[in-house]
Amino acid sequence: MVTNNDSTPTLQTFHDAELQGLRLIQQKMHADALDIFQKGLKLPGSRMDVVRTQSTSSPSLVGGASGGRSSQVVQTLDEFEFQPAYYNIACAYSCLGQEEYAIANLRTSLEYVFDN
């Protein structure tokens, strides 16, 4: 986690957001924690994947297969990150007295529980 000029942590990964959100929960700053937890869902996680895109529609000069592909490594959240993320969001909503949202997010959290 990096800090900016006013010493506010800059969130770069899901893990950064999770740690910062949990600190805010401990400090009873539930609305701020909720905001951080929700931002964490959009940050890079621990699952690495390669996204391939076709950059040209013409055939390759070798073998006639379609050519011009590019790839990019991306990091997304895995089920072991989604589950606690939604659980933490549910806890923050509960602390804010918003039970309906808390229950909805707890249900979402349970969808990511592994069954092996």
Side-chain angles (χ1 to χ4, degrees):
M1 190 172 352
V2 178
T3 58
N4 58 21
N5 292 341
D6 65 0
S7 74
T8 304
T10 302
L11 305 174
Q12 296 181 323
T13 66
F14 167 79
H15 185 68
D16 292 344
E18 183 178 39
L19 293 177
Q20 181 62 22
L22 292 172
R23 283 188 201 105
L24 291 168
I25 286 283
Q26 289 175 337
Q27 297 169 4
K28 309 271 190 248
M29 299 174 70
H30 304 116
D32 292 336
L34 176 60
D35 182 53
I36 296 294
F37 289 140
Q38 290 173 329
K39 286 178 182 175
L41 290 172
K42 298 174 186 161
L43 294 172
S46 63
R47 175 182 283 165
M48 293 187 81
D49 198 2
V50 177
V51 177
R52 292 180 177 85
T53 55
Q54 182 140 359
S55 56
T56 63
S57 59
S58 61
S60 170
L61 298 175
V62 182
S66 60
R69 293 188 187 272
S70 61
S71 60
Q72 176 184 8
V73 176
V74 296
Q75 288 185 263
T76 59
L77 301 183
D78 67 15
E79 64 274 10
F80 300 107
E81 292 166 323
F82 276 117
Q83 194 276 332
Y86 282 105
Y87 177 82
N88 290 334
I89 290 170
C91 290
Y93 272 125
S94 179
C95 290
L96 292 169
Q98 298 182 26
E99 288 83 12
E100 223 174 284
Y101 289 114
I103 291 169
N105 280 280
L106 187 56
R107 284 189 177 127
T108 302
S109 173
L110 292 174
E111 290 173 12
Y112 289 101
V113 174
F114 52 90
D115 58 6
N116 57 359

Can you see which heavy atom on Ala33 is nearest to which on Gly21, and at what distance?
CB-O, 3.5 Å

Can Tyr112 be reached from Ile103 by stepping across I, L, V, M, F, W or Y side chains whose heavy atoms are under 4.5 Å apart?
no

Once rounded to the nearest 0.5 Å, what's the spacing between atom CG of Leu106 and atom SG of Cys91?
7.5 Å

Return the OG1 to CD distance between Thr108 and Gln83, rounded to the nearest 0.5 Å.
11.0 Å

Do you know which two heavy atoms are closest between Ile36 and Gln20, and how far apart they sit?
CG2-CB, 4.1 Å

CD on Glu18 to CD on Glu81, rounded to 0.5 Å
8.0 Å

Which heavy atom of Gly40 sits nearest to which heavy atom of Phe14, and what is that distance?
O-CD1, 3.5 Å

Should Leu77 and Arg47 be marked as a side-chain contact (heavy atoms from CB on, under 4.5 Å) after you check the CA-CA gap, both sets of side-chain angles, and the distance that decides it?
CA-CA 6 Å; Leu77 301 183; Arg47 175 182 283 165; over 6 Å; no

Drop me the distance from Leu22's CG to Gln27's CD, to the nearest 0.5 angstrom.
11.0 Å

Which distance, rounded to the nearest 0.5 Å, do you find between the CG of Asn105 and the OH of Tyr87?
12.5 Å

What residues form a ring-ring contact (aromatic ring centres under 6.0 Å, His included) with Tyr93, not counting sequence neighbours?
Tyr101

Shortest non-hydrogen contact between Gly45 and Gln75, atoms and distance:
O-NE2, 3.0 Å

Which atom names give the shortest non-hydrogen contact between Ile89 and Leu34, and what distance separates them?
CG2-CD1, 3.7 Å

Non-hydrogen atoms of Thr13 and Leu43 that approach each other most closely
O-CD1, 3.4 Å

Stepwise side-chain contact (heavy atoms from CB on, under 4.5 Å) check, Asp35 with Asp32
CA-CA 5 Å; Asp35 182 53; Asp32 292 336; 5.6 Å; no

Look at atom CD of Glu100 and say whether more than 12 heavy atoms of other residues, nucleotides or ligands are closer to it than 6.0 Å.
no

Could you measure the distance from the OG1 atom of Thr76 to the CG atom of Asp78? Nearest 0.5 Å is fine.
7.5 Å

